[in-house]
Amino acid sequence: MAKYLSFAILSVLTAHGTAADPNSRSSVTDPAGYDPHDICHRDVLVVGGGSSGVYSAIRLRDHGKTVMVAEKQGRLGGHAEAWVDPVSGTAVNIGVEAFANVDVVKDYFARFDLSLTYVNHDSSRPYGLPELPGIYAMFSPPLPGGRLITNVYYGSPGVLSDDEVKADIVGGLQRYQEENGLPVAQPEWLAFSSHAPFNLMVSNDKVADGFYEELFALQGCRNTFYNGAAWHTQDSSALWKFTEYYILPIMLAAL
């Protein structure tokens, strides 16, 4: 029996099973309407090549499944992105900065023989967490020719406009310059990328009314499985754990 791909808005879904009524297929979904060379057969279609989608695709391959990833942008990674120096072509990370010190993260990086640096942002505060809103990481990546740029990471527990964030970053940089005997200068913005909102939540009343029960009831319907920020949180480390220990077992059981 033929297997067709089903599509969903969010990340992971299986390409297993057939359409319920072959007579109701439109020309768009009917494989007979396409050249056989234009049809791909895979065990799983991953819709979205962000952090969750890429992790899911790699782990499914590790389990011996064939995978296709559909991504609307011209690159994979989602919030993992880089600014490319137009002079030297050097890539500077302006995306995901921190990962949790958990086994899933360490195993994932070890799979690609990548090392991790362990950082305690502020040893004077509980759990080493910096005070927010504010700058929580700042460094100067080396560029050819001795040129100097400053890469700044900023976080906030609430919603701030881009202008508010930029103003606070500039103020923080200028305070650092002044306190360290450096000339106080107005920085030039080479790139600015917002990864907000970080925490998407529903109200307590919606949770009590069964929002998540209804959401998770969709898992596996029509051989489609979901992950991503709406299903857990907008944090790569947490999403990889969610994928590894919840999504993958039920997906693999259905394949």
Side-chain angles (χ1 to χ4, degrees), residues 48-52 54 71-102 105 109 114-201 228-230 232-240:
S51 179
S52 298
V54 171
E71 168 56 46
K72 66 179 181 179
Q73 299 190 67
R75 63 173 181 82
L76 298 176
H79 290 300
E81 59 179 311
W83 170 78
V84 178
D85 175 26
V87 176
S88 65
T90 302
V92 178
N93 178 38
I94 60 170
V96 177
E97 167 66 13
F99 299 91
N101 183 19
V102 295
V105 171
F109 278 87
L114 296 173
S115 60
L116 292 169
T117 300
Y118 297 94
V119 177
N120 186 331
H121 287 296
D122 187 349
S123 59
S124 66
R125 293 180 53 80
Y127 308 108
L129 298 176
E131 185 174 0
L132 299 177
I135 295 172
Y136 65 84
M138 182 171 62
F139 56 94
S140 296
L143 291 178
R147 291 176 299 123
L148 181 65
I149 65 171
T150 302
N151 198 352
V152 175
Y153 284 84
Y154 184 98
S156 173
V159 177
L160 297 175
S161 69
D162 289 353
D163 288 340
E164 289 175 308
V165 173
K166 286 183 175 181
D168 203 13
I169 289 174
V170 170
L173 288 173
Q174 291 178 336
R175 286 192 298 274
Y176 176 85
Q177 292 168 341
E178 185 175 7
E179 292 170 1
N180 289 273
L182 301 172
V184 177
Q186 182 72 20
E188 173 191 357
W189 289 95
L190 299 176
F192 179 86
S193 181
S194 173
H195 299 275
F198 187 78
N199 290 321
L200 298 175
M201 302 177 185
H232 199 291
T233 183
Q234 193 166 316
D235 177 84
S236 293
S237 306
L239 286 170
W240 296 347

Trace of the side chain to side chain contact (heavy atoms under 4.5 Å, CB included) decision for Asp162 with Ser194: CA-CA 8 Å; Asp162 289 353; Ser194 173; 4.0 Å; yes

Intermediate values then yes/no, side chain to side chain contact (heavy atoms under 4.5 Å, CB included), Trp189 and Ile169: CA-CA 11 Å; Trp189 289 95; Ile169 289 174; 3.9 Å; yes

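Proximity of a side-chain donor or acceptor of Glu71 to a complementary backbone N or O of Gln73 within less than 3.5 Å is detected. Side-chain atoms of Glu178 do not come within 3.5 Å of backbone N or O of Val184 as any donor-acceptor pair. Checked by atom type and distance alone, the side chain of Asn151 pairs as donor or acceptor with a backbone atom of Asn93 at under 3.5 Å. Ser140 places a side-chain N or O within donor-acceptor distance of the main-chain N or O of Ile149, the cut-off being under 3.5 Å. Without hydrogens or angle criteria, Asp85 side chain to Val87 main chain gives a donor-acceptor distance under 3.5 Å.
Between Tyr136 and Tyr153, the ring planes are tilted. Angles from 30° to 60° get that label. Ring pair Trp240/Phe109 is tilted by interplanar angle, where 30° to 60° counts as tilted.
Taken to the nearest 0.5 Å, the OG1 atom of Thr150 stands 12.0 Å off from the CD atom of Glu188. Here OG of Ser51 is found 11.5 Å from CG of Leu76. Values are rounded to the nearest 0.5 Å. Here CD of Gln177 is found 10.5 Å from CD of Glu179. Values are rounded to the nearest 0.5 Å. Here the straight-line distance linking atom CZ of Phe99 with atom CG of Leu116 works out to 8.0 Å at 0.5 Å rounding.
The two residues Ile135 and Tyr154 come nearest to each other via the heavy atoms N-CD1, 3.7 Å. Residues Thr90 and Pro142 come closest through the heavy atom pair CG2-O, 4.5 Å. The two residues Arg147 and Ser88 make their nearest non-hydrogen contact at NH2-OG, 3.9 Å. The heavy-atom pair separating Pro187 from Leu173 by the smallest distance is CG-CD1, 4.3 Å. For the residue pair Pro141 and Val92, the shortest heavy atom distance occurs at CG-CG1, 3.7 Å.
Heavy-atom neighbours of Tyr176 OH from other residues, nucleotides or ligands within 6.0 Å: at or below the threshold of 12.
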